Amino acid sequence: MNVCESFVRWMAMRARAAVHCLRTRLCFDPMHLVLGCCLSLALTGLIAPGAQAASPEARPPNIVILVADDWGFTDVGAFGSEIPTPHLDALAARGMRFSNFHVSGSCSPTRSMLLTGVDNHLAGVGNLRESMPHQHAGQPGYLGSLNRNVVTVAELLRTRGYRTYVTGKWNVGNEPHNLPNQRGFDRSLIQGDTGSDNWNPSQRYLGLTDQVYWFEDGRAARMPERFYSSEFFVDKMIGYLKEGATQPAPFFAYIGFQANHIPLQAPRAFIDPHRGKYDAGWAALRQARRDRAAALGLIPADAPMQPMSDTPDWASLNDTARRYEARRMEVYAGMAQAMDHHVGRLIAHLRDSGELERTVFVFLSDNGAEASDPYDSVISRLWLRTSYRNDLDAMGDPGAYAVIGPNWARAVASPLSSYKFFAGEGGVRVPLIVSGVPGTTLGSIHPGFAHVTDIVPTLLALSGAQPAPPSIEGRRIEPPSGVSLLPVILGQQARARPADVGVGHELSGNAAMYRGDLKLVRNLPPMGDGQWRLFDIVRDPGETQDLSASRAEEFQVLQRLYAQWEQAHGVLPMPAGYRYAYQVMRNAVMNVYVPRYGPWVAMALSGLILLVGLRLRRRRARAVLHHRST
């Protein structure tokens, strides 16, 4: 390609970005305004019909973000899992694994930070809507969806000329202004809720909403009667990529998988090969995972691990119970393997289309493994009995419902403590793979602290896109909270941020402050007692040795840092006696069942009261007549 042709293609890309800037008023690059007038010229006659695509060096890389749902720290083969994940492992082999990467304890807070680079409280998602106490709902930072003071990475990448696509779970707001087409995505097919059935797109996974909300390009989507979620999301993404294949611009593709969100479901072809693999129980799995993670260099070889003393002894279960429990984990493994298989289909498409070698992949989970079992709740159990089967032979099939529960959730978090929702490492430390960045030491591991807010600055550094301006149309725009991971990926720095810089976390009162290798942490009941503790999470990732007494000065410093962070981020105190499981059920009743059935219940009660009143009145009348007659 000659110099003139390269210049024209560059100008066409900038001109396309100018149209987006002028339309959305994200005009923080003056060159966009200068080049906007060149749009029609650049896109029509100047590019020869037979011109070749730009070379990889002439444009920024493609970017693919793969978000797994509720995966434990060691659920990927490259992190110590026995589950076959060959395609994710291959990404790890040609990239870097982050063994000390942190997210929020639940899905929508993490996704808000992943998309904006801004702490979830400042982005409007201080808590998952389903578990938010009513005292917080609607308060600043507690909208349950993105506010208007943040800009997504898709919007920023579009100003650099990127094509932008999203498929799968969205979960950062169903309002029209929060749908992907208004948040920087050219094409989108998304599920707007916390989850849904993986075989039947219209089937709710719990009675938390009145229906499953699907959107395509900002409008209600027409969904097939049957699908399998991981396959469908990848199919849609491949379709979008094919549509834009003739364009020279790079692409940004974001896939939010539902694997392994409840209900656990997968094709039998992926489940059945795991038969017998978990017959030794959860404690054996937790130990095996810990040993493999240590052998891979993801944790220190001598890292201690909390024993599973608070779980039932596997040998104490009868044969029927052990088979049932093992099958739950087999389905979980099959669901993860199915997701990896469909990731492989996406990779194969990129290889066949010649785009693989210039594509950067980011893989992560939105939080740790899910321990909740809806069958433990009377309300949920009643709903599930009318909607799903849960017998052994049907597990994983359409119409069947399975979860792994707290015992297996502890095992797949190995060697970490706790699980989803809580601030223990098992709830907030997840696998991260960044693959395809030129200059990466292949197969390397970064042990230093990293945070989900670091992803957006990293992608901006890779793409050459600029951060959002301080304000847009008079609205203050929150700057990214994180730092670029590119210097550690390229081996230029040992840490992503200085060791004396703190990073805070809070979700429903479960809180942490990270600084260097230290972590100050507090968990509320039932996982904790509400007291602060201090751990060295590099040497002791399992949080087994409390250092609050031996390192009292640092313990106090981190408490002060957290108090400052809490105030600066508008964190609200939790109501007395808050329990997240109870809150989820209360919100479902108040937000779904009362609006839907409340009027009918009120009419029935009114009728009953009227009937009782009439009977009492007749009884009184009879008593009066009887009295008069006597």
Side-chain angles (χ1 to χ4, degrees), residues 60-69 71 88 91 103 107-118 123 125 145-146 150-174 178-193 214-218 221 229-230 232-244 249-259 261 339 342-343 345-347 349-350 355 359-366 430 432-436 452-460 462-463 465 480:
N62 305 316
I63 298 169
V64 174
I65 293 184
L66 306 169
V67 187
D69 203 326
W71 281 36
L88 294 176
L91 293 181
V103 293
C107 49
S108 58
T110 290
R111 291 162 196 265
S112 72
M113 292 188 281
L114 177 61
L115 283 165
T116 68
V118 176
V125 194
S145 56
L146 293 179
V150 291
V151 173
T152 71
V153 66
E155 294 175 88
L156 300 174
L157 291 175
R158 270 170 61 163
T159 67
R160 187 74 170 91
Y162 275 75
R163 299 174 277 138
T164 54
Y165 312 120
V166 57
T167 62
K169 180 173 171 178
W170 177 245
N171 200 209
V172 289
N174 286 347
N178 264 329
L179 294 178
N181 65 309
Q182 296 299 314
R183 287 292 189 174
F185 288 94
D186 298 326
R187 298 299 313 275
S188 57
L189 187 288
I190 59 103
Q191 191 261 95
D193 308 302
W214 294 94
F215 300 93
E216 185 162 23
D217 299 331
S229 62
S230 294
F232 180 76
F233 297 154
V234 169
D235 282 346
K236 293 297 292 187
M237 183 58 71
I238 291 174
Y240 291 156
L241 293 173
K242 286 180 177 179
E243 286 177 6
F251 63 79
F252 170 61
Y254 177 108
I255 305 180
F257 289 97
Q258 289 183 189
H261 195 282
M339 195 201 90
H342 292 294
V343 168
R345 292 176 49 238
L346 174 67
I347 292 172
H349 167 74
L350 295 177
E355 295 289 346
T359 299
V360 171
F361 291 85
V362 177
F363 165 81
L364 71 153
S365 177
D366 61 351
V430 297
L432 171 67
I433 299 169
V434 180
S435 181
V452 64
T453 55
D454 300 338
I455 300 299
V456 167
T458 304
L459 299 185
L460 297 183
L462 282 166
S463 66

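Hydrogens, waters and symmetry mates play no part in the numbers below; they use all other heavy atoms, side chains included. Keep in mind that what you see is a predicted model, and the values were worked out from it rather than measured.
- Taking the side chain as every heavy atom from C-beta outward, R163 and Y240 never approach each other to under 4.5 Å.
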Which is it for W170 and L115 under the side chain to side chain contact (heavy atoms under 4.5 Å, CB included) test, yes or no, and what are the steps along the way?
CA-CA 10 Å; W170 177 245; L115 283 165; 3.8 Å; yes

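- Separation of atoms NE2 (H342) and CZ (F233) is listed at 11.5 Å; rounding is to 0.5 Å.
- Distance alone, capped at 3.5 Å, places no donor-acceptor pair between the T453 side chain and the V118 backbone.
- Between L462 and L459, some side-chain heavy-atom pair lies under the 4.5 Å cut-off.
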Can T116 and V172 be said to form a side chain to side chain contact (heavy atoms under 4.5 Å, CB included), step by step?
CA-CA 11 Å; T116 68; V172 289; over 6 Å; no

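- For D235, the salt bridge (Lys or Arg N to Asp or Glu O under 4.0 Å) partners at least two apart in sequence or on another chain are R345.
- S435 places no side-chain N or O within 3.5 Å of a backbone atom of F361 that could act as its donor or acceptor partner.
- D217 contributes a side-chain N or O that, together with a main-chain N or O of S188, makes up a donor-acceptor pair within less than 3.5 Å.
- Tested against V67 for a side chain to side chain contact (heavy atoms under 4.5 Å, CB included), the candidates T110, I255, L114, V362 yield a single pass: L114.
- The distance from atom CG of L157 to atom CZ of F251, rounded to the nearest 0.5 Å, is 12.0 Å.
- Between F257 and K169, the shortest heavy-atom distance links the atoms O-CB, 4.5 Å.
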How far apart are the C-alpha atoms of R187 and K236, what are their side-chain angles, what is the distance that settles it, and do they pass the side chain to side chain contact (heavy atoms under 4.5 Å, CB included) test?
CA-CA 10 Å; R187 298 299 313 275; K236 293 297 292 187; 5.7 Å; no

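- Between Y162 and P61, the shortest heavy-atom distance links the atoms OH-O, 2.6 Å.
- Between the N62 side chain and the P250 main chain, no donor and acceptor come within less than 3.5 Å of each other.
- Between T164 atom OG1 and I63 atom CD1 the span is 11.5 Å, to the nearest 0.5 Å.
- Contacts of D366 classified as salt bridge (Lys or Arg N to Asp or Glu O under 4.0 Å), with partners at least two apart in sequence or in another chain: R111.
- Smallest separation of non-hydrogen atoms from P109 and S112: O-OG, 2.7 Å.
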When you look at F363 and W71, which way does the ring-ring contact (aromatic ring centres under 6.0 Å, His included) test go after all the steps?
CA-CA 11 Å; F363 165 81; W71 281 36; 5.8 Å; yes

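- Here the shortest heavy-atom pairing between L179 and G173 reads CD2-O, 4.0 Å.
- Q182 places none of its side-chain heavy atoms less than 4.5 Å from the side chain of N178.
- With hydrogens and angles disregarded, a donor-acceptor distance shorter than 3.5 Å links the side chain of T152 to the backbone of R183.
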